[in-house]
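Contents: one structure, followed by commentary.
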Amino acid sequence: MRLVSLGYCLHKGVVGIIILAALVGVLRVDLTLAADWIVRARYVPDGDTLFLHSGEKIRLEGIDCPELRHDGRPSQYYAREARQYLWRLVRGQDLCVHTRDIRADRFGRIVAPVYLPDGRSISLILVENGYAFYYAHTKHPHRQQAVLLEAQQRAMNGLRGMWARVLRLPAASKRYVGSRNSRRFHTQTCGFGRQISARNRIVFADLRQAFYAGFAPCRSCTPWPDAR
């Protein structure tokens, strides 16, 4: 089997074969078979997840998006826009997944960087246009984290997409507390935030400062507004 370039997936028709097995919560991949995996999205349930024609689910690495309605909670602001934008990007496209970078999350989904046929990172496109925010993870390569964070900072500075409203909310002027270990931030009254040790604790003057530093909001106390 001819291997696809490790940098980009520019050769259509090259089929990458992946063997996925969930054993003790670990995603096992046969890297001897292919450097890259060519896939197509059947459906996107939200702004950061792909359901593939082959049956797998991929969570886009390094980002998070506003949540659509679930578990009785209303959709968050810009959740529908993020899903629609992602679908426009990937619909009918031969997408590339770098198999050397994939892992599994606690929900059994594949977590990986995914690229368009021209080599552009889908996560990066979403962040730089204000449809997603940077979501740090210890297993995410440092260089890629830096690229995503810089893209987010540019989007914030330009008030692109969701940032035009989010950074002007009343909640945007409040103080937040973050965890240096998890890279998540919390409201001053959040129980999880109160459990952060003094050594690991960092205080942000406002919402902009927290996001600009590359911290993501706690899901339990998120200041994110509901959809209108």
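One-based numbering along the sequence shown. Because only heavy atoms are used, hydrogens play no part in the values below, and waters and symmetry mates are left out as well, while side chains stay in.
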Tell me if the aromatic rings of Tyr131 and Trp163 count as close, with their centers under 6.0 Å from one another.
no
Look at the side chain of Arg183 and the backbone N and O of Gly178, then say whether any donor-acceptor pair between them is shorter than 3.5 Å.
no
Could you pull out all residues at least two apart from Ser173 that satisfy side chain to side chain donor-acceptor pair (under 3.5 Å)?
none
What do you reckon, are the aromatic ring centroids of Phe185 and Phe211 less than 6.0 Å apart?
yes
Does Glu128 reach the main-chain N or O of Ala155 with its side chain, forming a donor-acceptor pair under 3.5 Å?
no
Residues passing the side chain to side chain donor-acceptor pair (under 3.5 Å) test with Asp64, sequence neighbours excluded, are Arg59, Arg219
Quiz question: by atom type and distance under 3.5 Å, do the side chains of Thr49 and Asp46 form a donor-acceptor pair?
yes
Above 12 or not: heavy atoms from other molecules or residues under 6.0 Å from CZ of Arg168?
no
Does NZ or CZ of Arg184 lie under 6.0 Å from the centre of the six-membered ring of Phe215, at an angle within 45° of the ring axis?
no
So that I know where these two stand, are Phe204 and Tyr176 an aromatic pair - ring centroids less than 6.0 Å apart?
no
At what distance, to the nearest 0.5 angstrom, does CG of Leu126 lie from SG of Cys65?
5.5 Å
Report, as yes or no, whether the 6.0 Å neighbourhood of atom CZ on Arg69 holds more than 12 heavy atoms from other residues, nucleotides or ligands.
no
Closest approach of Arg208 and Met156, non-hydrogen atoms and distance?
O-CE, 3.5 Å
Do Met162 and Trp87 land in one hydrophobic cluster if side-chain heavy atoms of ILVMFWY residues count as linked below 4.5 Å?
yes
NE2-CD1 distance between His186 and Ile196, expressed to the nearest 0.5 angstrom
4.0 Å
Any luck finding a side-chain donor-acceptor pair between Tyr212 and Asn157 under 3.5 Å?
yes
Is it the case that over 12 heavy atoms from other parts of the model lie below 6.0 angstrom from the CZ atom of Phe51?
yes
Nearest heavy-atom neighbours spanning Ser54 and Trp37:
OG-CZ2, 4.1 Å
